[in-house]
Peer 1: 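This is the structure I have questions about; it appears just below.
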Amino acid sequence: MKRIKSTAIRPSEITPREVFVNRRALLKALGLSTALVTTMGMLGAPPARAAAAKMAFTRNPRYSTTETPNSYEDVTTYNNYYEFGTSKDDPAAYASSLRTSPWSVTVSGEAAVTGRFTLESILRPHPYEERIYRLRCVEAWSMVVPWVGIPLGDVLKRFQPTSRAKYVAFKTLFNPEQMPGQRSSVLDWPYAEGLRIDEAMHPLTILAVGLYGEVLPNQNGAPMRLVVPWKYGFKSIKSIVEIHFSERQPVTSWSAAYPEAYGFFANVNPAVDHPNWSQARERRIGSGVFAEKIPTQPFNGYANEVADLYRSLDLRRHY
Ligand SMILES: Nc1nc2c(c(=O)[nH]1)N[C@H]1C(S)=C(S)[C@@H](COP(=O)(O)O)O[C@H]1N2
Ligand SMILES: [Mo]
């Protein structure tokens, strides 16, 4: 695997020596040289047989709900992952064709440290935490999921975003052979999402690599996906291969497909309906067909943590 620079280097982007040294220091801290990254990529890693591999983690009660988590069965068989089909049971049925190892992530844009990194080198320095989060889908259902992951901010800081990095954009793998849903044009592929930099750095935002103490199943976005618990589920992009720091707000798949329904912010908001249905209540998956819907909370119940980020925004306009 070569280190890839996708655009020509403008004079303003020539990396000062200090920053270059920092990049080498980062690679060293990761236990890698650029050459070693190259070698590892060429040799590849053994094929993924990770579905039930246990992980080491510490629980984080500070950022966990005390609600009862949904069953492993619910969390891994009722999914949205359009790359494998649009039915809830398609991802569990078809996502085994996704090869999650070896996996690399390209980091680009407004940051001192950019390049192509192995997944292991991005994750290794950070201890895993378990966080039990509510996930509220824009389709008015919800789940409670015990994720295993790391704060996204801890990872992003190591790339040293510049002062012009106002947003972070993410992309999912594009590979129609492994992802048969990409042969249909329900969305513009690859799936793209983004956050404002302060949202990305917020301690609630995590990169999840596992659930229920085990390596993330493919249908849940292996090997690494975003979880932003105060936003509608579609912001939590799966199987990430690109991280891009930008000055401008990035184009995102769902807001491009249907801007009247899916805004860039997509904060969970019971007061702003979807054009075709109410967002005031939600069905908790697993509660049974006759169960009452429960009220949806502003920011999915995380208002104390995140409402301050939006002090100056009209949330009816910036839905
Ligand atoms: N790449 C990609 N990421 C995605 C989606 C998708 O279709 N493709 N669906 C989103 C939606 S709508 C939801 S609700 C969550 C579902 O996550 P889960 O299946 O792990 O519960 O993933 C989000 N991330
Ligand atoms: Mo969703």
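Start at 1 and go down the list; that is how both ligands and their atoms are numbered. Starting from 1, each residue takes its place in the sequence as its number. Because the structure is predicted, anything quoted here is derived from the model rather than measured.
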Peer 1: Check Lys88 with Glu139, please: is the shortest side-chain N to carboxylate O separation under 4.0 Å?
Peer 2: yes

Peer 1: Does NZ or CZ of Arg134 lie under 6.0 Å from the centre of the six-membered ring of Tyr302, at an angle within 45° of the ring axis?
Peer 2: yes

Peer 1: Please verify the inter-ring angle class for Tyr258 with Tyr262; under 30° counts as parallel, over 60° as perpendicular, anything in between as tilted.
Peer 2: perpendicular

Peer 1: Quick one: sort the Phe84 and Tyr81 rings into parallel, tilted or perpendicular, breaks at 30° and 60°.
Peer 2: perpendicular

Peer 1: Do you know which of Val306, Asn304, Asn269, Val268 makes side-chain contact (heavy atoms from CB on, under 4.5 Å) with Phe299?
Peer 2: Val306

Peer 1: Would the distance check show the side chain of Trp103 and the main-chain N or O of Ile240 forming a donor-acceptor pair, the cut-off being under 3.5 Å?
Peer 2: yes

Peer 1: What does the 4.0 Å heavy-atom contact list look like for ligand 1?
Peer 2: Asn79, Asn80, Tyr81, Tyr82, Glu83, Cys137, Trp147, Thr172, Tyr191, Asn220, Arg225, Gly233, Phe234, Ser236, Ile237, Lys238

